[in-house]
**Q** 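One structure follows; several queries about it will come next.
Each ligand, and each atom within it, is numbered from 1 in the order the structure gives.
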Amino acid sequence: MSEALKPPFAPLVAVVTTDLAAITRGRFVPADRVAAVLEGGVGWLPANLSLTAFGTIADPNPWGSKGDLRVLPDPAARYRTGATGAETPFDMIIGDIVELDGAPWSCCPRTVLKEAVAALKAATGLTLRIAFEQEFQIFGADFPPAHPLSMAALRRADPLAPRLAAALEEAAIEPETLIAEFGADQFELTCAPADPVTAADRAIAIREIVRETASVAGYRASFAPKTAVDSVGNGVHIHFSLVDDKGRPATYDPAAPAGLAAPAGAFCAGVLRNLPALTLLSAPSPTSYYRLRPNSWSASWTWLADRDREATLRICPVNVARGRDPAPQYNIEYRAADATANPYLALAGIIRAGLAGISGSLPPPPIVADHPDRMDEARRAELGLRRLPDSLEGALAAWRADDIADSWFAPKLVETMLGVRAMELRFMADKTPEQLCQTYRDLY
Ligand code: GLU
Ligand code: MG
């Protein structure tokens, strides 16, 4: 730990969970109570799952004012750093929501992800390596203009970038690359792949650390999918690869088309089959659908492509220079996600859909070379390509029309999620697209 971790006053430790509006909330305890809290958790209540991003509770919701739960911190998910520039250390432990007797709560998003991972493992022996790649924009900085990807674009924000790198390093998030991205004052952060729960934990920790580091510098970081209708989108790209029970890569087969091994092909076919419904989990806000449009390097059709950033599922490149092994690098990127989504739930949905694809022995999807937008209807039908929902209403309809997706989660979790989304639609009903983007820019 750095010197900055020893302030003159007792630091607080946050015990947190992330809800259906993708807001990370929790309770804060003095550091000397951590041992007790690791044992027994902190109090929580069911209705907290119905909180919206607007500081309201979705109405109706299945919980009302009754009931109590605990958030039980996971000591392996403690993210600590003194490098954000704040006066006291950033110290956050992510937990699982449990019943008072310690039993898992069926509606806890992190538990739901653990269950999906366990179901995949039990049925196939496979597990996943996951990395979240996240984009955000800085507001309130008044940076001089700079070319995207340029040295100056990153250095004008100094010391934001090195501080972020140091903070993420210290918090053991294994940061890999920081980019001054294409959009106005847009940046991107990647970190090393990990098991699914750790990867989702890291996605949350990265957001919080970025927000804090930016705020200490006097800026505001926003991960909202579209901060203005005509701005470049902020994506959350979920990279995944399969690993067998001996830890060997199981996604790559040099003899298969584009190198996509059979189980990974079936997994992708499952994801594509449920993709319209999955967007409700991975792109759940009204503004998500300003991003999911053709020709914006996000995602708009149910297609798999080899190294094309317009595809929803993109087979990523491998670096084979100097005899490097492609197998452990080979991965697929799910591009239809953004930071208004709960990462645990989005990933749980992807895993459930992929698992159903493997269990049903779905044939590998076609690897599509042309943009579906430029095909005629007959060609799209032949390839089985469908347009993703183009609005939150559309995503809700796709979810309701998909019986498989509905069976993935506890009924009360689905009911709560639909309630939160309905409230969001009501709240935003009279807003112009520009007002919507502005609202979400400030909320995320
Ligand atoms: N900004 C794009 C998005 O909204 C992604 C650009 C890229 O390929 O990194 O997802
Ligand atoms: Mg990017």
**Q** For ligand 1, which atoms sit closer than 4.0 Å to a heavy atom of Glu188?
**A**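 Ligand 1 atoms under the 4.0 Å threshold to Glu188: 9 (O).
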
**Q** Looking only at heavy atoms, which two atoms of Tyr344 and Asn342 are closest? And how far apart?
**A**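 That would be N-OD1, 2.8 Å.
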
**Q** Is there a donor in the side chain of Asp19 and an acceptor in the side chain of Asn48, or the other way round, less than 3.5 Å apart?
**A**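 Judged by distance alone, the side chains do not pair up.
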
**Q** So for ligand 1, is His237 a polar contact partner (N or O within less than 3.5 Å, distance only)?
**A**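 Yes - when backbone and side-chain N and O of His237 are compared with those of ligand 1, one distance drops under 3.5 Å.
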
**Q** May I ask you to check whether Glu212 and Thr84 show a side-chain donor-acceptor distance below 3.5 Å?
**A**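 Yes, Thr84 and Glu212 have a side-chain donor paired with an acceptor closer than 3.5 Å.
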
**Q** Report yes or no: do Tyr440 and Glu424 form a side-chain donor-acceptor pair below 3.5 Å?
**A**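 Side-chain D/A pair, Tyr440 to Glu424: present.
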
**Q** Do other residues, nucleotides or ligands put more than 12 heavy atoms under 6.0 Å from Asp142 CG?
**A**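 Open: at most 12 neighbouring heavy atoms sit under 6.0 Å from CG of Asp142.
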
**Q** Determine, considering heavy atoms only, which of Arg293, Arg291, Arg335, Glu333 sits nearest to atom 10 (O) of ligand 1.
**A**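 It is Arg291 that holds the nearest heavy atom.
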
**Q** Within 45° of the axis and under 6.0 Å from the centre of the six-membered ring of Phe139, does NZ or CZ of Arg441 qualify?
**A**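 Yes, Arg441 sits over the ring of Phe139.
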
**Q** Which atoms form the tightest heavy-atom contact between Ser282 and Tyr334, and what is the distance?
**A**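 Taking Ser282 first and Tyr334 second, the nearest heavy atoms are OG-OH, 2.8 Å.
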
**Q** Check each atom of ligand 1 against the heavy atoms of Trp297 and keep those under 4.0 Å away; list them by number with element.
**A**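 Matching atoms, with element in brackets: 2 (C), 3 (C), 5 (C), 8 (O), 10 (O).
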
**Q** Counting heavy atoms only, which of Glu135, Gln134, Lys226 comes nearest to atom 9 (O) of ligand 1?
**A**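 Checking each option, the heavy atom nearest atom 9 (O) of ligand 1 is found in Glu135.
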
**Q** Check each atom of ligand 1 against the heavy atoms of Arg309 and keep those under 4.0 Å away; list them by number with element.
**A**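 It comes down to these atoms of ligand 1: 8 (O).
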
**Q** In terms of the angle between their ring planes, are Trp408 and Trp399 parallel, tilted or perpendicular, with boundaries placed at 30° and 60°?
**A**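 Taking Trp399 first and then Trp408, their aromatic rings stand perpendicular (interplane angle over 60°).
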
**Q** Has ligand 1 got any nitrogen or oxygen that is less than 3.5 angstrom from a nitrogen or oxygen of Val232?
**A**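 In fact, backbone or side chain, Val232 has no N or O that close.
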
**Q** I'd like to verify the contacts: list protein N, O or S atoms under a distance of 2.8 Å from the Mg ion (ligand 2).
**A**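 Counting only protein N, O or S atoms under 2.8 Å from the Mg ion (ligand 2), the list reads Glu135 OE2, Glu181 OE2, Glu188 OE1.
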
**Q** Restricting to non-hydrogen atoms, name the atom on Thr18 and the atom on Pro109 that form the minimum distance, rounded to 0.1 Å.
**A**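 That closest heavy-atom pairing would be O-CG, 3.7 Å.
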
